[in-house]
> 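Have a look at the structure that comes next, please.
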Amino acid sequence: MTPPGRVRRRTLLRAAAAGTVAATAGCTGGGRAVQVAVVWSGAELARFREVVAGYDGPVQAISAGNDIDAFLRARHLAGTSPDVAILPRPGLVTEYARRGWLTPLPAPPGYTVPGGMGDLLTDRGQRYGVWVKAAHKSLFWHLPSVLPQPPATWDDLVALTRRLGARARRGDGPAPLAIGAADGWVLTDWFENVLADVAPDAYDALAGPDADWQGRPVRDALDRLAEIWSVDGAFPGGARRALLTQFEESVIQVVHSRRAAMVFEGDFTDDVVHRFQRGPEAPTTFRFPGNRADGGPLIVGGDAAVAFAPSGVDLVAWLTDAAAFRPWLRSGGYLSPSVTVPLASYADPVRRRLAGEMRTAGTLRFDLSDRLPGPFTGTDGVGIWRIMQDFFADVTGGVRAGEAIRRATGQLAAAARSAGGGR
């Protein structure tokens, strides 16, 4: 992992450079370009630029990198905030609104998102953001030739992991699980899916100021994670190697080197698949298994557009139009949060199915770590990301589950109190 200080320094330099570009940009096509800061880069940034090319006016889309919060704080201090930003965490939307940085937004006509998502972008009854991209975060990926019959329930998954782990120890097949434990957000996604299954009502409560991080639901979820992560032979190269494995490499271990049978992560995994898949066989997916075979948890994430100035309000409103993201829908790799987008619009059959799941799931929950306050939300070496890495290291390193859970819940409670997010 890159030390946080180095990330922040690069982010500040990028913000300063982008601010200079914004300050010196002249008129294009008769008017100043609306500047949009996004977390996307590479192919995703290119696709978003195709989207905004359809806007009735010039738009300058710039990548803020992974730490968009640091980028935007630096731009605010310099007096060069972009007109619009697309944020990966609803907690940033409400935080910036309370600081007075954002322009209120009218309710988008005819724009409907799955239940509960829209409320995450309001503060004191006023809307400050709209969802423009969604992520389905309850998926396992596997090659059918390696894993012909996926597990239907959590107990099936644990039994399969034990069986394949024993074979891997004998050198008779791949490890059952690839996991990018070097990226703390991968571990929080595991935790959130398990928690949403064992205690869906407690899940939402943990995002509030009275959250009980030492209560039974959290302990039950961690106990379930300990059950599977502690399986001998679960990960390629062992647990210590898993703590050095980043998300992208974990996908490669399934679709290219085939050192693991399956990997858990969101629909965005297919971007890595397309770049590193070996041979013609494409991976398929199954839902994160829960207690029952007829439906597991469904965790979603998303990116929300906000306006830092009135000059950005029209563009934000335009981005809620179901037709705006048509170029990205056609090229694939995009999942709309809007339930008004016809499923037939998806060229990508995987996302067509996932979009349908998001519209019918009764247990849909929004990514919990993205809703936590301040540093508790997590980043490299900080907050819930670091706590989950410590827990992973404990349960895979021989620490008894009960002791590992006691340590983790104590750390979670202390981090919540420090950030004003519970006990």
Side-chain angles (χ1 to χ4, degrees), residues 38-52 54 86 88 111-118 130-144 150 185-186 189 192-193 247-248 250-251 254-255 262-277 280-289 295-305 319-367 370:
V38 301
V39 294
W40 305 316
S41 59
E44 286 187 309
L45 179 60
R47 289 169 186 157
F48 180 68
R49 284 173 172 160
E50 290 178 15
V51 168
V52 295
I86 297 183
Y111 182 74
T112 307
V113 296
M117 285 185 66
V130 294
W131 295 110
V132 296
K133 190 173 184 290
H136 187 303
K137 305 185 77 172
S138 297
L139 296 173
F140 273 85
W141 300 72
H142 69 103
L143 294 171
W185 56 269
V186 171
D189 285 349
E192 289 158 7
N193 274 271
F247 160 67
E248 189 170 274
S250 72
V251 181
V254 172
V255 303
M262 52 189 162
V263 62
F264 156 71
E265 253 313 331
D267 65 281
F268 45 81
T269 299
D270 66 357
D271 182 58
V272 185
V273 170
H274 292 154
R275 285 184 284 131
F276 295 101
Q277 177 182 321
E281 185 182 18
T284 188
T285 62
F286 62 90
R287 277 275 292 277
F288 196 103
L298 176 52
I299 304 299
V300 300
D303 298 300
L319 290 171
T320 66
D321 190 311
F325 281 83
R326 196 169 290 155
W328 206 339
L329 281 165
R330 284 197 299 263
S331 62
Y334 173 77
L335 186 61
S336 176
S338 173
V339 301
T340 62
V341 173
L343 295 180
S345 300
Y346 287 90
D348 177 350
V350 171
R351 281 182 174 74
R352 189 182 310 136
R353 174 174 61 83
L354 300 182
E357 288 184 6
M358 287 176 57
R359 298 176 191 191
T360 58
T363 57
L364 184 146
R365 297 290 187 276
F366 195 86
D367 187 293
D370 284 347

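Heads up: numbering here begins at 1 and tracks the sequence.
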> Nearest 0.5 Å, what's the CE-CG distance between Met358 and Leu354?
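Atom-to-atom, Met358:CE and Leu354:CG are 9.0 Å apart.
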> What is the minimum heavy-atom distance between Ala324 and Pro327, and which atoms define it?
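Scanning both residues completely, I find the closest heavy atoms to be O-CD, 3.5 Å.
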> For Arg326, look at atom CZ and say whether over 12 heavy atoms of other residues, nucleotides or ligands are found less than 6.0 Å away.
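Counting other residues, nucleotides and ligands, CZ of Arg326 stays at 12 neighbours or fewer.
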> Is Arg275 salt-bridged to Asp271, cutoff N-O under 4.0 Å?
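The answer is yes: the pair qualifies as a salt bridge.
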> Do the non-hydrogen side-chain atoms of Arg359 and Pro114 ever get within less than 4.5 Å of each other?
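Contact flag for Arg359/Pro114 side chains = no.
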> Treating Asn193 as the side-chain partner and Asp189 as the backbone partner, does any N or O pair qualify as donor plus acceptor under 3.5 Å?
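Indeed, once roles are kept as given, a pair shorter than 3.5 Å links the two residues.
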> Kindly assign one of parallel, tilted or perpendicular to the pair Phe286 and Phe140, based on the angle between their ring planes and the thresholds 30° and 60°.
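Plane angle under 30°, so parallel.
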> Where is the tightest heavy-atom contact between Gly296 and Arg287, given as atom of each residue plus distance?
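The pair with the smallest heavy-atom distance is O-NH2, 2.8 Å.
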> Determine, for Arg351 against Asp270, whether the closest basic-nitrogen to carboxylate-oxygen distance falls under 4.0 angstrom.
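A salt bridge is present here (some side-chain N lies under 4.0 Å from a carboxylate O).
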> With side chains defined as the heavy atoms from C-beta onward, is the minimum distance between Arg47 and Ser331 less than 4.5 Å?
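Heavy-atom side-chain distance check passes, below 4.5 Å.
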> Could you give the distance from CG (Asp367) to NZ (Lys137), rounded to the nearest 0.5 Å?
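Separation between the atoms: 4.0 Å.
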> Could you check whether any side-chain heavy atom of Arg365 comes within less than 4.5 Å of a side-chain heavy atom of Pro297, counting everything from C-beta outward?
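Contact flag for Arg365/Pro297 side chains = no.
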> Ion pair present between Glu44 and Lys133, side-chain N to carboxylate O less than 4.0 angstrom?
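Salt bridge between Glu44 and Lys133, a charged N being under 4.0 Å from a carboxylate O: yes.
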> Is there a side chain to side chain contact (heavy atoms under 4.5 Å, CB included) between Trp141 and Phe264 once you walk through the steps?
CA-CA 6 Å; Trp141 300 72; Phe264 156 71; over 6 Å; no
> Quick one: CD1 on Ile86 to CG on Asp303, what's the gap to the nearest 0.5 Å?
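Going from the CD1 atom of Ile86 to the CG atom of Asp303 covers 7.0 Å.
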> Under 6.0 Å between ring centres, would you say that holds for Phe247 and Trp185?
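Yes: the rings meet the under 6.0 Å criterion.
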> What distance do Leu335 atom CG and Trp328 atom CH2 have between them, rounded to the nearest 0.5 Å?
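Rounded to the nearest 0.5 Å, the CG-CH2 separation comes out at 11.0 Å.
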> With a 4.5 Å limit on heavy-atom distance, are the side chains of Tyr346 and Val341 in contact?
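A side-chain contact under 4.5 Å exists here.
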> Could you measure the distance from the CG atom of Leu139 to the CD atom of Glu357? Nearest 0.5 Å is fine.
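Going from CG on Leu139 over to CD on Glu357, the span is 7.0 Å.
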> Determine which pairs satisfy side-chain hydrogen bond (donor to acceptor under 3.5 Å, both in side chains) with at least one residue from residues 332-343, sequence neighbours left out, and list them in order.
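The answer is Ser338-Thr340.
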> Where do Val263 and Ser250 come nearest, in terms of heavy atoms and distance?
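Minimum heavy-atom separation between Val263 and Ser250: CG2-OG, 3.6 Å.
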> For Asp267 and His136, indicate whether the former's side chain and the latter's backbone hold a donor-acceptor pair under 3.5 Å.
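Such a contact is found between Asp267 side chain and His136 backbone.
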> How far does CD1 of Ile299 sit from CD of Glu192, to the nearest 0.5 angstrom?
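If I round to the nearest 0.5 Å, the distance is 6.0 Å.
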> Tell me, do Leu45 and Val38 make a side-chain contact under 4.5 Å, heavy atoms counted?
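Answer yes - side chains close enough.
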> Between Thr284 and Pro144, what is the shortest heavy-atom contact and its length?
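So the minimum-distance heavy-atom pair works out to CG2-CG, 3.9 Å.
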> Is the shortest heavy-atom distance from the side chain of Met117 to the side chain of Val300 under 4.5 Å?
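Yes, at least one pair of side-chain atoms sits under 4.5 Å.
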> Which pair of non-hydrogen atoms, one from Ala282 and one from Leu143, has the smallest distance, and what is that distance?
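The pair with the smallest heavy-atom distance is C-CD2, 3.9 Å.
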> Please tell me whether Arg353 and Thr285 have a donor and an acceptor in their side chains that are separated by less than 3.5 angstrom.
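A donor-acceptor contact under 3.5 Å links the two side chains.
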> Leu319 and Ala305: which non-hydrogen atoms are nearest, and at how many Å?
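Heavy-atom minimum between the residues: CD1-CB, 4.3 Å.
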> Working note: Glu265 + Val251, criterion side chain to side chain contact (heavy atoms under 4.5 Å, CB included); need CA distance, chi angles, decisive distance, verdict.
CA-CA 9 Å; Glu265 253 313 331; Val251 181; 6.0 Å; no
